[in-house]
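Below is one structure, written out as structure tokens; comments come after it.
The figures here come from the full heavy-atom set of this structure, side chains too, leaving out hydrogens, waters and symmetry mates. Convention: sequence-line order gives letters A, B, ...; per-chain numbering from 1.
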Protein chains: 2
Amino acid sequence: MEAFSSRLQEAGLKSTKQRDLIVERFFELDKHINAEELLEDVRGHQPRIGYATVYRTLKLLVEQGFALPKDFGDGQTRYDPIHNQDPQHDHLICVDCRKIIEFNDEELARRLHTIAEGMQYSIRRKKLELYAECQIPRCPNKLG
Amino acid sequence: MEAFSSRLQEAGLKSTKQRDLIVERFFELDKHINAEELLEDVRGHQPRIGYATVYRTLKLLVEQGFALPKDFGDGQTRYDPIHNQDPQHDHLICVDCRKIIEFNDEELARRLHTIAEGMQYSIRRKKLELYAECQIPRCPNKLG
DNA sequence: CTATGTGCAAAGGATTTGCAGGTAT
DNA sequence: ATACCTGCAAATCCTTTGCACATAG
């Protein structure tokens, strides 16, 4: 993503082949990935890349507003790529199979805005996760 | 809380003075506390209590449904006591002073229910946090 | 009695940092 | 040239575990 490259330049930071690869793969994979998974993927292209570089690049992406750290309660931080076209979505996590579904709801957004306003606050960002069970009997996603 | 004591007995677990103290203080303090803060408080009463006991007791409280672990992104797990009278609330976190405000909204709850239903899911639990900025000019809570 | 709990210290897992080279600009 | 980056390993932070002793039921 060239938006990221130009942001780097503005900040006086450098473009390196490791960093570029990590960022490229991060956006191509386009899922709620964690550092370990990203490292593994990236090592398929450049085997000598280390943990530190992946963590440092992810932190950079977060600082520059290209990724959002997420904690789904499994002990590791996952990172959600921000494609600047899409509005910020929420998540529904299946309690049975751990599938993560993204959603967006205008009415919900309006309500949250109203709630915050009522308390004299303006929302900067939010975290909304619904942990839910599939209603379909004998759902194919169900584990165990 | 005696509800907790009886739950312990049912599970064949024991009541000890450390455990009782930790649980008592946890509910008295009644805030989004982390293990370290709770340990510190409890050591004011029994200086020899160790980290492990606090962590083990908190885990017990969570397992038995008396506390909810929360991650507000500051690297530590905080625990929210569940007073069985109150319905499960959400949080608004001030991005300036980190104050945590609890809230409840019926219309919001209905909307979330509708959203999940539309995707063929039933909500088991949710995590909703609004990170927001105070609208009051020169808010006294503002840091820095 | 004997299963469960405690305190300590050591282990664990995820993430960060220090350092001695590398390498973009 | 000279910041900035990298890889490695060591360090750090929060949390869990192993173990020998203590204690509740």
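- In this structure, the side chain of B/R43 engages the main chain of B/I49 through a donor-acceptor pair within 3.5 Å.
- Reading DNA chain D from its 5' end, the first and the last nucleotide to sit under 4.0 Å from a heavy atom of chain B are D/dC14 to D/dG25.
- In this structure, B/R125 and B/Q88 have side chains that are not in contact, with every pair of non-hydrogen atoms separated by 4.5 Å or more.
- Rounding to the nearest 0.5 Å places NZ of A/K31 at 8.0 Å from CZ of A/R78.
- Inter-residue side-chain proximity for A/L38 and A/Y79 is flagged as unmet; no heavy-atom pair is nearer than 4.5 Å.
- Taking only side-chain nitrogens and oxygens, A/Y55 never comes nearer than 4.0 Å to OP1 or OP2 of C/dT16.
- No side-chain heavy atom of B/E129 sits less than 4.5 Å from a side-chain heavy atom of A/K126.
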Which pairs of donor and acceptor atoms, one on a side chain in residues 57-73 of chain B, lie under 3.5 Å apart (sequence neighbours left out)?
residue: B/T57; atom: OG1; partner: B/T53; partner atom: O; Å: 2.7
residue: B/D71; atom: OD1; partner: B/G73; partner atom: N; Å: 2.9

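- Remark on the helix from C/dC1-D/dG25 to C/dT25-D/dA1: inter-end axis angle 30°, axes from five-pair C1' superpositions, rounded to 10°.
- Nearest heavy atoms, B/N34 versus B/T77: CB-O, 3.4 Å.
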For a quick test of your reading: what N or O donor-acceptor pairs under 3.5 Å do the side chains of residues 9-16 of chain A make, sequence neighbours left out?
residue: A/S15; atom: OG; partner: A/D20; partner atom: OD1; Å: 3.1
residue: A/S15; atom: OG; partner: A/D20; partner atom: OD2; Å: 2.8
residue: A/T16; atom: OG1; partner: A/R19; partner atom: N; Å: 3.1

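- Residue pairs meeting the ring-ring contact (aromatic ring centres under 6.0 Å, His included) criterion with at least one partner in residues 38-59 of chain B, sequence neighbours excluded, do not occur; the list is empty.
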*When every nucleotide of nucleotides 1-13 of chain C is labelled 5' to 3' by its protein contacts under 4.0 Å (heavy atoms), B for base, S for sugar-phosphate only, - for none, what sequence of letters results?*
--BBSBBB-----
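- Per the geometry, NZ belonging to A/K59 stands 11 Å off P belonging to C/dT15, to the nearest Å.
- Using a 4.5 Å cut-off on side-chain heavy atoms (C-beta onward), B/L130 and A/L128 make no contact.
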